[in-house]
Chemist: 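First the structure, which I've put down as C-alpha cells, then a few questions once you've had a look.
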Amino acid sequence: MAADIASESILHDDVAPHNPPPDIKTFVGKVLFAIALIFASWQIYTAAYAPLSSVILRAVHVGFLLVMVFGTAATRKGRPVALKGLDWLCASVAFMTGVYQWVFEGDLILRAGDPTTTDIVVGGVAILLVFEAARRVLGWALPAICLCFVLYGLFGEYLPSPLGHRGFGLDQVVDQLAMGMEGIYGTPTYVSATYIFLFIVFGSFLERAGIIKLFSDLAIGLVGHTRGGPAKVAVVSSALMGTVNGSGVANVVTTGQVTIPIMKKIGFTPAFAGAVEATASMGGQIMPPVMGAVAFIMAETLGVAYTDIVQAAVVPAILYFSAVFWIVHLEATRLGLRGLEDDELPDWKRALKKGWFLLMPLGLLVYLLFRGYTPLFSGTISLAVTAALIMGLPIAGRLSHTALRMVFWVVLGAAGGLFFEYGVDVVFLVLSVLVVVLLFLKNGGNKTLHIVVEALVEGARNAVGVGVACALVGVIVGIMTLTGAATNFARTIVEVGEHSLFLSLVLTMITCLVLGMGVPTIPNYIITSSLVGPALLGLGVPLIVSHMFVFYFGIMADLTPPVALAAFAAAPIARASGLSIGVQCLRIAIAGFVVPYMAVYAPALMLQDGGPLASAIGYVPAVLFVVSKAVLAIGLWGIGSVGFFVLRLALWERVWATAGAFLMVAALPVTDEIGGAVAIGFFIHMWLRVRRTTARGGR
C-alpha cells in the first residue's frame with residue numbers, strides 16, 4: 001500500500017507547478033536566476049563539507065547576499081539604464097569585498113588590530129554596501145538604528161558619563177566591523193550562512209513537494225466542522241507551517257490567502273479574521289522542531305544544543321496556540337457561528353494516507369536532533385531526503401508493479417543509509433543518480449528537475465532578507481563590544497531589578513516592543529539579548545529563560561500597534577486596517593504576553609531547573625503545577641478578553657476573570673492561592689448563573 005501511495009506524484013496532481021519568476025525571460029533575469037542557483041548550491045556544499053574557514057564562509061555569504069539585492073534591483077522594469085549599471089557595479093564590488101577576505105585571510109590575521117589603508121577602504125565599502133542593501137530590503141528603520149550605533153562608536157567620547165567611552169578612530173571602528181568576526185561577519189552572519197539558509201531551503205523544498213496542501217487538508221478536515229472552524233483551521237495550519245518555515249509574515253501571506261476569506265464568509269469581522277491569522281502565524285517562530293531563525297542564533301550565542309532551545313520552547317508554544325484556539329472558540333460561540341458544511345470538508349484521512357511520506361523529512365529531522373546530531377547535520381540530511389522524495393516519486397510512478405515500486409524505495413533508502421558508514425559523498429551520489437535518471441525520463445522528468453532547481457532558487461531568494469538583517473545587526477553587536485555599552489545598560493537594569501524584578505521585566509518588554517516597531521525579530525532579539533540578557537542573568541533568571549523572554553516579546557512586537565508588521569501583512573487580505581487588526585491581535589495573543597513572565601518566576605514552565613517552586617516541591621511536581629496554572633490563567637484571560645463563557649458576561653464579571661488570571665501570573669507570595677480562590681469563585685458564580693438562566697428557560 002505504501003508503495004502505491006508513494007507512486008502517486010503529488011508534484012503533478014495536487015500542486016500546480018510554480019510559474020517561473022517574471023524576470024526569468026530576460027537575459028539579466030536569467031543571470032540573476034543562475035546566481036541564485038549558484039548561491040544555494042554553494043551554501044549546501046559548504047554545509048556538507050565545511051571546506052573553508054569560518055570567516056571566509058561568512059564573507060562570501062554576505063557577498064552573495066549583496067549580489068542578490070543589487071542584482072534584483074537591476075532587473076526591475078522601468079529602472080533607468082544608468083541606475084541598473086550602478087546596481088551591477090555595487091553587486092560586483094560587494095562580492096569582491098568577500099573575495100578580499102578569502103584571498104588575504106592569512107595577512108588579515110597577521111595584522112589584526114593594525115589594518116592597512118587598503119583594509120580600511122575595503123572594509124568601509126563593505127559596511128556601506130551592507131547598509132544600502134538593508135535599506136532596500138528592510139526599509140530605513142534598522143539602518144537608522146545601526147547608524148546611530150556607528151556614530152556612537154565614533155563620537156561617543158563626547159557624551160557625559162555613564163554614556164561616554166574612551167574614544168575610537170574611524171580605522172578602529174571599521175576594523176572592528178569589517179575585518180574580523182565581531183561586526184558584519186559576526187555570529188548572526190555565521191548562523192545565517194549555516195543553519196538559517198539551510199532550513200529556509202529545506203522549507204522551500206517541502207513547500208514545493210506539497211506539504212502546504214497536506215497541512216491545509218489536515219487542519220480543515222480535523223477542525224473545520226467545529227464552531228468557528230475556519231479560524232481554528234488558521235490556528236492549526238499556521239502551527240503546522242511553523243514547523244517548516246518559521247516565518248510569521250510568510251505564514252500570513254500563504255495560509256492567510258485561504259483562511260481569512262473563509263473566516264469572513266462564516267461571520268467573523270475582517271479585523272478579527274486578519275488578527276487570528278497574524279497571531280497564529282507569528283507563533284510559528286516558537287513552534288518546534290524548526291522554529292524561527294532566532295532559535296538557531298540563540299543556540300549558537302548561548303553555546304547550548306539546539307535541542308535545549310526546543311525543550312524550552314515546546315510547552316510555551318503549545319500554550320500559545322491553545323490560547324489562540326480558545327479565544328477563537330469563545331468568539332465563535334459568542335457570535336453563534338457554525339463550522340463548515342460536510343461537503344466543504346476534505347477527507348483528512350485520505351490526505352494523510354496519500355501524503356504521509358511528506359512528514360518523513362520532518363520526522364527524520366526531529367529524530368536526528370534528539371539523537372544529539374547538530375542542526376546543520378540534521379538539516380542537511382533532511383534536505384537530502386526531501387530532494388530524494390521529490391525526484392524519486394515520478395520514477396516510482398513509472399514502475400508498473402507494486403513490488404517493483406517497493407523494491408525501488410527500499411533500494412533508495414538502503415543506498416542513503418550508507419551515509420552513516422561512508423559519509424556525505426554517498427548522499428550526493430544517490431541524488432546524482434536520480435538526476436541522471438530524470439534527465440532520460442520522458443513526460444515528467446524535466447518538470448521534476450525544474451521543481452528542484454526552482455526550490456533552490458526560491459530558498460536563496462527567501463534567505464536574502466534574513467541574511468542582510470543578520471549582517472547589518474552585527475554592526476550593533478560590534479559597537480557594543482568595542483565600547484562596552486552593553487555593560488552600562490545591563491548595570492542600569494540590574495540596579496532597577498534589585499528593587500523590583502517585575503519592573504526590570506517590564507522595562508525589557510518595552511525595549512523589545514519599541515525596537516520591534518521598526519526592526520525584524522532577528523535583529524530585535526540580538527540587540528535586546530545583548531543589552532538585557534546579562535542583566536536578567538545577574539538577577540537570577542536562568543540563561544535560556546532570559547533569552548526566551550526577549551525572543552517572545554520580539555515576536556509580540558510584530559503584533560503590537562502602531563507598527564505591527566504581521567497585522568499589516570494581513571490587512572490587504574482581510575480588507576481591514578492594519579491598526580484595527582493589531583488591536584485584535586493584542587486580545588488574541590495574550591499568551592505571548594503572559595507566558596514569558598510566568599516562566600521567569602517559574603522556570604519549570606520552560607522545563608528548566610531552578611526557581612523557588614522547584615526547590616520547594618521538586619522538579620516534576622513544579623512542572624505539572626505551573627503548566628496547570630498557566631492553562632487556568634490563559635483560560636481566564638480569554639474569558640475576560642472575549643466577555644463570554646457559556647453566557648455573555650457583564651463588565652464586572654470580565655474584570656473578575658481577568659483579576660484571577662493576573663494573580664496567578666504575578667507569582668508573588670500568596671498570589672497563587674488568592675488567584676485560585678478567585679478562579680474557583682468565578683466558575684461557581686457562572687455555574688449558578690447558568691442554572692438560574694436554564695431554570696428561567698432562556699439566556
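Counting begins at 1 with the first residue of the sequence.
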Chemist: Out of curiosity, Lys354 NZ to Leu352 CG, how far, rounded to the nearest 0.5 Å?
Modeler: 13.0 Å
Chemist: Quick one: side chains of residues 185-192, donor-acceptor pairs under 3.5 Å with protein atoms, not counting sequence neighbours, listed by atom name and distance.
Modeler:
from   : atom 1 : to     : atom 2 : distance (Å)
Thr189 : OG1    : Ile184 : O      : 2.6
Ser192 : OG     : His61  : NE2    : 2.9

Chemist: Between Leu434 and Leu412, does the side chain to side chain contact (heavy atoms under 4.5 Å, CB included) criterion hold? Intermediate values first, please.
Modeler: CA-CA 10 Å; Leu434 291 174; Leu412 186 62; 4.1 Å; yes
Chemist: Counting C-beta onward and ignoring hydrogens, is there a side-chain heavy-atom pair between Leu214 and Trp356 closer than 4.5 Å?
Modeler: no
Chemist: Can you find a heavy atom in the side chain of Val385 that is under 4.5 Å from one in the side chain of Leu365?
Modeler: no
Chemist: Start with the C-alpha gap between Arg461 and Phe33, add the side-chain angles, then the distance that decides, and say whether side chain to side chain contact (heavy atoms under 4.5 Å, CB included) holds.
Modeler: CA-CA 10 Å; Arg461 287 176 175 150; Phe33 186 92; 4.0 Å; yes
Chemist: With sequence neighbours left out, what residues match Trp140 under side chain to side chain contact (heavy atoms under 4.5 Å, CB included)?
Modeler: Arg135
Chemist: My understanding is that only residues two or more places apart in sequence, or in another chain, count here; which of them pass side chain to side chain donor-acceptor pair (under 3.5 Å) with Ser53?
Modeler: Glu105
Chemist: Between Ser204 (side chain) and Ala455 (backbone), is there a donor-acceptor pair under 3.5 Å?
Modeler: yes
Chemist: For a 4.5 angstrom cut-off between non-hydrogen side-chain atoms, does Ile555 reach Tyr525?
Modeler: no
Chemist: Measure the spacing between CZ of Arg79 and CG of Leu86 and express it to the nearest 0.5 Å.
Modeler: 8.0 Å
Chemist: If you take all heavy atoms of Leu138 and Gly465, which pair is closest and at what distance?
Modeler: CD2-O, 4.1 Å
Chemist: Name the orientation class of the two ring planes belonging to Trp42 and Trp102 (parallel below 30°, tilted from 30 to 60°, perpendicular beyond 60°).
Modeler: tilted
Chemist: Going by the rule ring pair (Phe, Tyr, Trp, His ring centres under 6.0 Å), which residues pair with Phe149 if we only count those two or more places apart in sequence or in a different chain?
Modeler: none
Chemist: When rounded to the nearest 0.5 angstrom, what is the spacing between CZ in Arg398 and CG in Leu441?
Modeler: 4.0 Å
Chemist: Would you please name every residue forming a side chain to side chain contact (heavy atoms under 4.5 Å, CB included) with Leu108, sequence neighbours left out?
Modeler: Tyr100, Gln101, Phe104, Arg111, Asp119, Met179
Chemist: Do Leu206 and Pro361 make a side-chain contact, defined as non-hydrogen atoms from C-beta onward lying under 4.5 Å apart?
Modeler: yes
Chemist: Suppose we screen for side chain to side chain contact (heavy atoms under 4.5 Å, CB included). Which residues come up paired with Val437, at least two apart in sequence or across chains?
Modeler: Ile395, Val433
Chemist: Tell me the closest heavy-atom pair linking Ala387 and Leu431, and the distance in Å.
Modeler: CB-CD2, 4.2 Å
Chemist: Which heavy atom of Gly124 sits nearest a heavy atom of Val174, and at what distance?
Modeler: N-CG1, 3.6 Å
Chemist: Using side-chain heavy atoms (C-beta onward) and a distance below 4.5 Å, is Val201 in contact with Leu456?
Modeler: yes
Chemist: Flag the pair Leu57 / Thr194 as yes when at least one side-chain heavy-atom distance between them is below 4.5 Å, and no otherwise.
Modeler: yes
Chemist: Testing the basics here: between Pro51 and Thr46, what is the closest heavy-atom pair and its distance to 0.1 Å?
Modeler: CD-CA, 3.8 Å
Chemist: Please report the shortest heavy-atom distance between Ile260 and Gly274, naming the atom on each side.
Modeler: CD1-CA, 4.0 Å
Chemist: Measure from the side-chain N and O atoms of Thr97 to the backbone N and O of Ala94, and report whether any donor-acceptor pair falls under 3.5 Å.
Modeler: yes
Chemist: Restricting to salt bridge (Lys or Arg N to Asp or Glu O under 4.0 Å), what partner residues turn up for Arg136, sequence neighbours left out?
Modeler: Asp87, Glu132
Chemist: Go through it in stages, so that I can follow the logic: the residues are Phe357 and Leu393, the test is side chain to side chain contact (heavy atoms under 4.5 Å, CB included), and I'd like the CA-CA distance, side-chain angles, deciding distance and then a yes or no.
Modeler: CA-CA 11 Å; Phe357 52 87; Leu393 286 170; 3.7 Å; yes
Chemist: Does Asp175 have any salt bridge (Lys or Arg N to Asp or Glu O under 4.0 Å) partners at least two apart in sequence or in another chain, and if so, which?
Modeler: none
Chemist: Counting heavy atoms not belonging to Arg575, are there more than 12 under 6.0 Å from its CZ?
Modeler: no
Chemist: Mind checking the CD1-CG spacing from Ile127 to Leu147? Nearest 0.5 Å is all I need.
Modeler: 11.5 Å
Chemist: To check you understand the geometry: which heavy-atom pair defines the closest contact between Phe199 and Gly379, and what is its length?
Modeler: CZ-CA, 3.8 Å
Chemist: Going by heavy atoms in the side chains, are Leu472 and Phe131 under 4.5 Å from each other?
Modeler: yes
Chemist: Go through the structure and list residues passing ring pair (Phe, Tyr, Trp, His ring centres under 6.0 Å) with Phe551, not counting sequence neighbours.
Modeler: none
Chemist: Measure the CG-CD1 distance between Leu438 and Ile451 for me, rounded to the nearest 0.5 Å.
Modeler: 10.5 Å
Chemist: Identify, with sequence neighbours excluded, every residue that meets side chain to side chain donor-acceptor pair (under 3.5 Å) alongside Glu300.
Modeler: Tyr195
Chemist: In chain order, what residues pass the ring pair (Phe, Tyr, Trp, His ring centres under 6.0 Å) check against Tyr49, with sequence neighbours excluded?
Modeler: Tyr45, Phe428
Chemist: Quick one, Val69 and Leu65 - any side-chain contact, counting heavy atoms below 4.5 Å?
Modeler: no
Chemist: How long is the gap from CZ on Phe39 to CD1 on Ile44, to the nearest 0.5 Å?
Modeler: 11.0 Å
Chemist: Using the ring pair (Phe, Tyr, Trp, His ring centres under 6.0 Å) criterion, which residues pair with Tyr306? Sequence neighbours excluded.
Modeler: Phe296
Chemist: Carefully, step by step, assess Leu52 and Val60 under the rule side chain to side chain contact (heavy atoms under 4.5 Å, CB included).
Modeler: CA-CA 10 Å; Leu52 300 171; Val60 174; 5.6 Å; no
